[in-house]
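Worksheet: the structure to be examined is printed underneath.
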2 protein chains.
Amino acid sequence: MHYLKCESSAPESVDGRILKAALGLFVKSGYHNVSVHDIQRAADVSIGSIYNHFGGKEGIAKALYFHLLNEMQGMVDGVLVETESARERCNRIIELLFEYTETRRDIIAFVLHQRHQEFLPGEPPICSAAPFRAMREVIQQGMDNGEIRRRDPWVAASAVFGSAIRMIHLRLDEVVNEPLPRYLDEILAGTWQGMEPDAASSPKKRKPMDLPGQSGVVVSDR
Amino acid sequence: MHYLKCESSAPESVDGRILKAALGLFVKSGYHNVSVHDIQRAADVSIGSIYNHFGGKEGIAKALYFHLLNEMQGMVDGVLVETESARERCNRIIELLFEYTETRRDIIAFVLHQRHQEFLPGEPPICSAAPFRAMREVIQQGMDNGEIRRRDPWVAASAVFGSAIRMIHLRLDEVVNEPLPRYLDEILAGTWQGMEPDAASSPKKRKPMDLPGQSGVVVSDR
DNA sequence: GTCTATATCCAGATAGAC
DNA sequence: GTCTATCTGGATATAGAC
């Protein structure tokens with residue numbers, strides 16, 4: 001929350017400068033192609049400070065990783081209070097991911113476009129981290145309340161978010177040249193066809209839209 | 001074609017041993033966490049041989065990269081002669097990708113799950129390589145002949161392949177525990193809903209399935 | 001072509017003055 | 001806490017015998 005929002009021209013904290021510089025370098029060149037000296041130079045601090053604050057390069061990466069996961073969780077939490085139906089929630093999440101890909105590119109690139117396991121040994125895959133679990137939870141609830149056709153949870157999540165994530169990758173690779181929000185409606189239209197349950201498959205409680213606000217959302221279990 | 005098919009117990013070529021060992025190590029630990037000594041040990045050859053054959057670690061990676069892209073192109077080419085409609089072709093490609101994810105895991109992991117630009121500087125993103133262009137070409141033809149609803153080519157490609165690729169990633173990350181082919185039908189069912197053109201949007205030449213074999217396929221432009 | 005032994009380099013990490 | 005200078009390990013790459 002406190003780092004990386006630093007568009008202010010005020011003198012930043014040392015931590016913030018280091019993290020911001022590291023994020024930019026990691027995203028541009030990849031973790032292993034960035035040396036502590038590179039970070040030190042870009043952040044305009046000394047090597048000693050880096051080791052004092054973060055214990056080393058991996059410490060920086062860890063801090064960044066958890067910090068950005070936390071920001072992402074905040075985003076998802078925000079969506080959960082703003083919206084009610086699973087469909088609205090997924091759409092809003094995709095919309096925000098698209099926006100951030102343009103306005104906070106490095107964050108999205110670090111979270112969605114890096115192989116964290118290659119430099120954070122012992123970390124589980126990022127898709128098992130809280131915000132991603134929360135996104136799957138949204139879909140699970142949609143299936144439970146009849147809003148989304150019931151199927152394997154992984155398949156459902158991939159069907160809903162797969163094409164959007166693919167577009168983000170293509171955009172980050174700079175093969176897609178238009179800002180992603182421009183494609184939002186087209187993507188969402190395609191996404192939801194085939195997601196509605198047919199009358200036969202989930203005949204029980206069909207109440208697509210009438211969930212009272214915050215209907216038993218159990219997502220903040222991070 | 002000649003490497004990596006080496007399930008024979010016959011004594012393999014030195015090149016093949018080196019590439020195979022490197023592939024396994026790169027996929028397991030990531031390019032930058034593998035040293036030439038690691039490869040040398042795993043392939044049971046000397047350092048000298050490695051430098052003689054490939055000029056160094058990056059040379060190995062380059063050779064692997066182009067070799068595997070070539071194998072993938074062969075797979076796509078095979079699909080193009082076996083099938084006719086765009087839908088059949090996409091389905092078959094996804095089916096094969098799912099199969100290979102189980103039976104030739106390292107190949108799929110190297111091609112689809114590594115950040116090549118971090119160790120092959122100067123290479124364009126892999127999605128601009130021939131087999132991926134060919135896959136988009138299939139979709140473009142599907143849109144041209146009215147088989148697929150017309151939309152932005154990137155969006156269409158992401159809609160068709162996005163969820164499948166996402167499932168492959170999840171499988172490679174070992175969060176999905178079932179073999180992917182088990183999900184094939186579920187995935188494909190979801191994929192094609194919403195892909196059909198409605199009567200209004202593409203009213204011209206509606207002939208969904210009656211393309212005579214190899215109808216002007218211009219894909220082998222690699 | 002294949003190997004071992006060696007050279008060179010540079011990244012990560014530390015020590016210790018201020 | 002911050003800095004500079006230094007140490008050390010390990011990686012890539014080479015030399016040169018066979």
Side-chain angles (χ1 to χ4, degrees), chain A residues 2-3 6 10-65 67 110 114-123, chain B residues 2-3 6 10-65 114-123:
Chain A
H2 41 312
Y3 307 128
C6 33
E12 235 173 297
S13 78
V14 173
D15 289 52
R17 283 219 312 279
I18 294 172
L19 288 178
K20 199 176 177 188
L23 175 62
L25 290 168
F26 288 164
V27 162
K28 182 161 73 94
S29 312
Y31 177 83
H32 292 284
N33 294 315
V34 174
S35 75
V36 180
H37 289 272
D38 294 332
I39 300 170
Q40 170 248 324
R41 224 171 302 132
D44 198 35
V45 297
S46 69
I47 297 251
S49 288
I50 289 187
Y51 280 91
N52 269 328
H53 282 253
F54 297 101
K57 195 167 82 157
E58 191 177 316
I60 299 177
K62 257 202 168 75
L64 260 181
Y65 183 73
H67 172 65
F110 189 87
Q114 297 268 319
R115 307 228 16 94
H116 314 98
Q117 303 193 87
E118 286 184 10
F119 54 88
L120 296 181
E123 279 304 311
Chain B
H2 43 311
Y3 307 128
C6 34
E12 235 174 298
S13 77
V14 173
D15 288 53
R17 285 219 312 280
I18 294 173
L19 288 177
K20 199 175 177 187
L23 175 62
L25 290 168
F26 288 163
V27 163
K28 183 162 71 94
S29 312
Y31 177 84
H32 292 284
N33 294 316
V34 174
S35 74
V36 179
H37 288 273
D38 294 331
I39 300 170
Q40 169 249 324
R41 223 172 302 131
D44 197 37
V45 296
S46 68
I47 297 251
S49 288
I50 289 187
Y51 281 91
N52 269 327
H53 282 253
F54 297 101
K57 194 167 80 156
E58 192 178 317
I60 299 177
K62 257 201 167 76
L64 260 181
Y65 183 74
Q114 297 268 320
R115 308 230 11 95
H116 313 100
Q117 303 194 87
E118 285 185 10
F119 54 88
L120 296 181
E123 279 304 311

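Every chain is numbered from 1 and lettered A, B, ... according to where its sequence line falls, protein lines coming before strand lines. Just so you know, these numbers use all the heavy atoms, side chains as well, and skip hydrogens, waters and symmetry mates. This structure is a prediction, so every number in the text was calculated from the model and none was measured.
- For Gln40(B), the side chain to side chain contact (heavy atoms under 4.5 Å, CB included) partners two or more places apart in sequence, or in a different chain, are His37(B), Ile47(B), Ile50(B).
- Take Tyr65(A) and apply the ring-ring contact (aromatic ring centres under 6.0 Å, His included) test, not counting sequence neighbours, and it matches His116(A).
- dG1(C) atom P lies 13 Å from atom CZ of Phe54(B), rounded to whole Å.
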How would nucleotides 3-18 of chain C be written as a contact map, 5' to 3', with B for base contact, S for sugar-phosphate-only contact and - for no contact, using protein heavy atoms under 4.0 Å?
BB------SSBB----
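- Applying the side chain to side chain contact (heavy atoms under 4.5 Å, CB included) test to Val14(A) and every residue at least two apart in sequence or in another chain returns Ile18(A), Val45(A), His53(A).
- By the side chain to side chain contact (heavy atoms under 4.5 Å, CB included) test, Asn33(A) is found to be paired with Ser29(A), His32(B), Glu118(B), residues two or more places apart in sequence or in another chain being considered.
- One interatomic measurement links the two molecules: CD1 of Ile50(A) to P of dT4(D), which rounds to 12 Å at whole-angstrom precision.
- Partners of Lys57(A) under the salt bridge (Lys or Arg N to Asp or Glu O under 4.0 Å) rule, at least two apart in sequence or in another chain, do not exist in this structure.
- For the pair Asp15(B) CG and dT2(C) C1', the computed distance is 13 Å after rounding to whole Å.
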